[in-house]
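Heavy-atom basis, side chains included; hydrogens, waters and symmetry copies ignored. Just so you know, these numbers come straight off a predicted model, no measurement behind them.
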Amino acid sequence: MKKLKLLYAEDECSTRKDQVIYLQSRYDFIIYEANDGLEALELYKKHTPDIVITDITMPRMTGLQLAREIRKISKHTKIIIATAHSEQEKLMEAFDSNVINYLIKPIDRKRLKDSIETAIATLSQAQEENNHFIFLNDSTKFDTLKCEYFVHNRYIKLPKSENRLLSFLCEHMNKKLSSYDIFIYIWDDIDKEYNADAVRTLVKKLRKKLPDGVLENIYGGHYRLVLA
């Protein structure tokens, strides 16, 4: 099972360091630290952490703005907001960004632990629900049961041949497939003469609708869906 990734955004360095040391002593997380909201967003885009803990008040970008930007990218990241008593009126806006909990500063360790456990549990539940999805990146996935393609959780209707090609590639992800094998699977007609150009054209059309770099051309008329 892969390690979970956590991003801790807090401009008070000593506070952040104390909490990170506590988390490292209890969880086998990969932890990233940010001094402000903008740095946190840059780290989020680079590492796509599973859990984000963020203070509300930070330089350059507030925790609420950070939460909204994260939600534009992913609906699945678990966000926990840290706030001072004087900022509690802002929490309704935080829940608009679907945060899973909030922590009053100074942060109570038991409440922090409970929030982390809730995040882990809901991530595990989401993982079970997503077992039949192939994720091409954080915002793009293919449902192998229903043969449906989604971008930012929005269903994208593909032409039948492109949909069949994507299904075939997902079934054999990270494996090199010949143009001939693809042709036989897609057209499924023993009387139809093999046409490499038809396969190239179909691959080109599908590639335009996929994330950059996931559908590779391999010398000799082969193709591969590359997933990390």
Side-chain angles (χ1 to χ4, degrees), residues 1-7 29-30 32 41-52 69-78 120 122-228:
M1 183 177 179
K2 72 170 186 176
K3 284 187 178 182
L4 293 179
K5 294 181 286 186
L6 181 144
L7 170 62
F29 290 155
I30 298 171
Y32 306 99
L41 182 59
E42 291 169 354
L43 285 170
Y44 181 86
K45 290 178 177 179
K46 182 177 180 180
H47 299 290
T48 58
D50 306 285
I51 302 169
V52 174
E69 291 302 313
I70 289 172
R71 282 291 169 256
K72 292 177 183 178
I73 300 168
S74 171
K75 306 297 182 185
H76 305 295
T77 303
K78 306 306 171 185
I120 293 171
T122 52
L123 282 167
S124 298
Q125 180 182 357
Q127 182 62 46
E128 290 178 9
E129 292 171 354
N130 285 325
N131 278 343
H132 57 281
F133 283 100
I134 299 293
F135 285 84
L136 307 182
N137 64 15
D138 189 58
S139 60
T140 309
K141 61 187 179 182
F142 185 73
D143 186 334
T144 58
L145 290 181
K146 298 180 181 179
C147 294
E148 293 178 343
Y149 181 54
F150 295 87
V151 178
H152 294 296
N153 289 319
R154 183 169 64 90
Y155 170 59
I156 305 296
K157 184 174 177 58
L158 297 175
K160 182 178 178 180
S161 57
E162 292 178 35
N163 200 65
R164 281 178 62 81
L165 174 56
L166 182 54
S167 178
F168 189 53
L169 291 166
C170 285
E171 183 181 349
H172 301 280
M173 59 181 176
N174 295 319
K175 295 181 180 178
K176 184 170 68 173
L177 298 173
S178 72
S179 176
Y180 180 77
D181 287 338
I182 291 173
F183 181 86
I184 294 300
Y185 180 84
I186 300 300
W187 281 274
D188 193 23
D189 184 349
I190 60 174
D191 295 325
K192 189 176 180 67
E193 184 177 355
Y194 167 61
N195 186 333
D197 286 338
V199 175
R200 279 194 293 269
T201 299
L202 180 60
V203 168
K204 185 177 180 180
K205 289 180 179 178
L206 178 61
R207 182 180 284 113
K208 291 179 179 178
K209 299 169 185 175
L210 300 181
D212 291 342
V214 300
L215 180 48
E216 283 187 345
N217 279 30
I218 302 173
Y219 180 78
H222 292 79
Y223 304 93
R224 178 169 55 199
L225 188 70
V226 181
L227 301 180

Polar side-chain atom of H222 near backbone of G220 as donor-acceptor pair, under 3.5 Å: yes

Y44 and S74, any side-chain heavy atoms less than 4.5 Å apart: yes

Contact summary for L166 and L210, nearest pair of heavy atoms: CD1-CD2, 4.1 Å

Main-chain N/O of I218 paired with K176 side-chain donor or acceptor, under 3.5 Å: no

Heavy-atom closest pair, residues Y223 and S179: CE1-CB, 4.2 Å

Given L227, L136, I134, L215, the one that forms side-chain contact (heavy atoms from CB on, under 4.5 Å) with L169: L215

Test item: I182 and L165 side chains (from C-beta on) under 4.5 Å apart, heavy atoms: yes

Spatial distance of atom CG (L202) from atom CZ (R207) [nearest 0.5 Å]: 11.0 Å

Those residues that, when tested against H172, pass ring pair (Phe, Tyr, Trp, His ring centres under 6.0 Å) (two or more places apart): F168

Heavy-atom closest pair, residues S178 and D181: OG-N, 3.0 Å

Point-to-point distance, once rounded to the nearest 0.5 Å, from CG of L6 to CD1 of I120: 9.0 Å

CG-CG distance between D50 and L123, expressed to the nearest 0.5 angstrom: 5.5 Å

Side-chain heavy-atom pair Y149, C170 within 4.5 angstrom cut-off: no

Euclidean distance, F133 CZ relative to E148 CD, rounded to 0.5 Å: 8.0 Å

Nearest heavy-atom neighbours spanning K3 and I30: CD-CG1, 4.0 Å

Interatomic spacing from CZ in F142 to CZ in F135 - rounded to 0.5 Å: 13.0 Å

SB check K72 E69 (cutoff 4.0 Å): yes

Side chain to side chain contact (heavy atoms under 4.5 Å, CB included) between I73 and S139, worked out: CA-CA 7 Å; I73 300 168; S139 60; 5.8 Å; no

Closest approach of T77 to R71 (non-hydrogen atoms, all atoms of both residues): O-NH2, 2.7 Å

V199 and V203: CA distance, side-chain angles, deciding distance, side chain to side chain contact (heavy atoms under 4.5 Å, CB included) verdict: CA-CA 6 Å; V199 175; V203 168; 4.2 Å; yes

E216: salt bridge (charged side-chain N to carboxylate O under 4.0 Å, His left out) partners, not counting sequence neighbours: R224

Separation between CD1 of I186 and CZ of R164, rounded to the nearest 0.5 Å: 5.5 Å

Taking only distance into account, with no hydrogens and no angle test, what donor-acceptor pairs under 3.5 Å do side-chain atoms of residues 153-163 form with protein atoms, sequence neighbours excluded?
residue, atom, partner, partner atom, Å
N153, OD1, K141, NZ, 3.3
E162, OE1, K209, NZ, 2.8
E162, OE2, K209, NZ, 3.4
N163, ND2, C147, O, 3.1

